Chemist: 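Handing you a structure now.
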There are 2 protein chains.
Amino acid sequence: MADGAVSEAGGPSTLAQGRLRSLVERIERLEGDKAAIMTDLKEVFAEAKADGFDVKILRKVIRLRKQDTAKRQEEEALLDLYISAIGGL
Amino acid sequence: MADGAVSEAGGPSTLAQGRLRSLVERIERLEGDKAAIMTDLKEVFAEAKADGFDVKILRKVIRLRKQDTAKRQEEEALLDLYISAIGGL
């Protein structure tokens, strides 16, 4: 609620205008980067399909590996917690 | 269907294995980049909120600007098409 929305006069202040413009530009740049990555991803899956791989199974492999990574990270975090709880190894 | 899925013997060929590994790595790298961008986007919206801007309206502004850009691009493409159809200006 700092210098954000509205000035004393009830209209947007120049500061808020500049800040808003900057936020919009940053969001649009990130959205653009995201769109580029989505296009790249589509292309890789299209390549995989052209090579005769089953895209549905490929997606499943990616998902399983992600779950496995998340599980391992969770276990490592828990391990660290337990170790620090007993004052170290 | 090239060297993709299965070798003569019915099992995956070494070539297909290497190719699959490469595809998986590329996808995972892109997914990682995408996740980083999503985090950045979340942070920008959190900043906007902290500054007192209405995130819902901000999202609407972004959407309207995107629609406007798409419309202008469509019009320009149509203009180019008409011009080339009459053999140039």
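Because the structure is a prediction, the values reported are computed rather than measured. Each chain gets a letter, A, B and so on, in the order the sequences are listed, and its residues count up from 1.
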Chemist: Answer yes or no: does atom CD of E75(A) have more than 12 heavy-atom neighbours from other residues, nucleotides or ligands under 6.0 Å?
Modeler: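 Counting other residues, nucleotides and ligands, CD of E75(A) exceeds 12 neighbours.
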
Chemist: Honestly curious: do L89(B) and Y82(B) fall in one hydrophobic cluster under the side-chain, below-4.5 Å linking rule?
Modeler: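 Not linked; separate clusters.
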
Chemist: Can you check whether anything in residues 21-28 of chain A gets within less than 4.5 Å of chain B, heavy-atom wise, and list it by number?
Modeler: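 Answer by number: L23(A), V24(A), R26(A), I27(A), E28(A).
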
Chemist: Considering only heavy atoms, give the residues of residues 30-41 of chain A separated from chain B by less than 4.5 Å, sorted numerically, with 'none' for an empty result.
Modeler: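 Listed by number, the contacting residues are L30(A), E31(A), D33(A), K34(A), I37(A), M38(A), D40(A), L41(A).
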
Chemist: Counting only heavy atoms not in E74(B), do more than 12 sit closer than 6.0 Å to its CD atom?
Modeler: no

Chemist: Are any non-hydrogen side-chain atoms of L58(B) and L20(A) less than 4.5 angstrom apart?
Modeler: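 The answer is yes, as the side chains (C-beta and beyond) meet within the 4.5 Å cut-off.
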
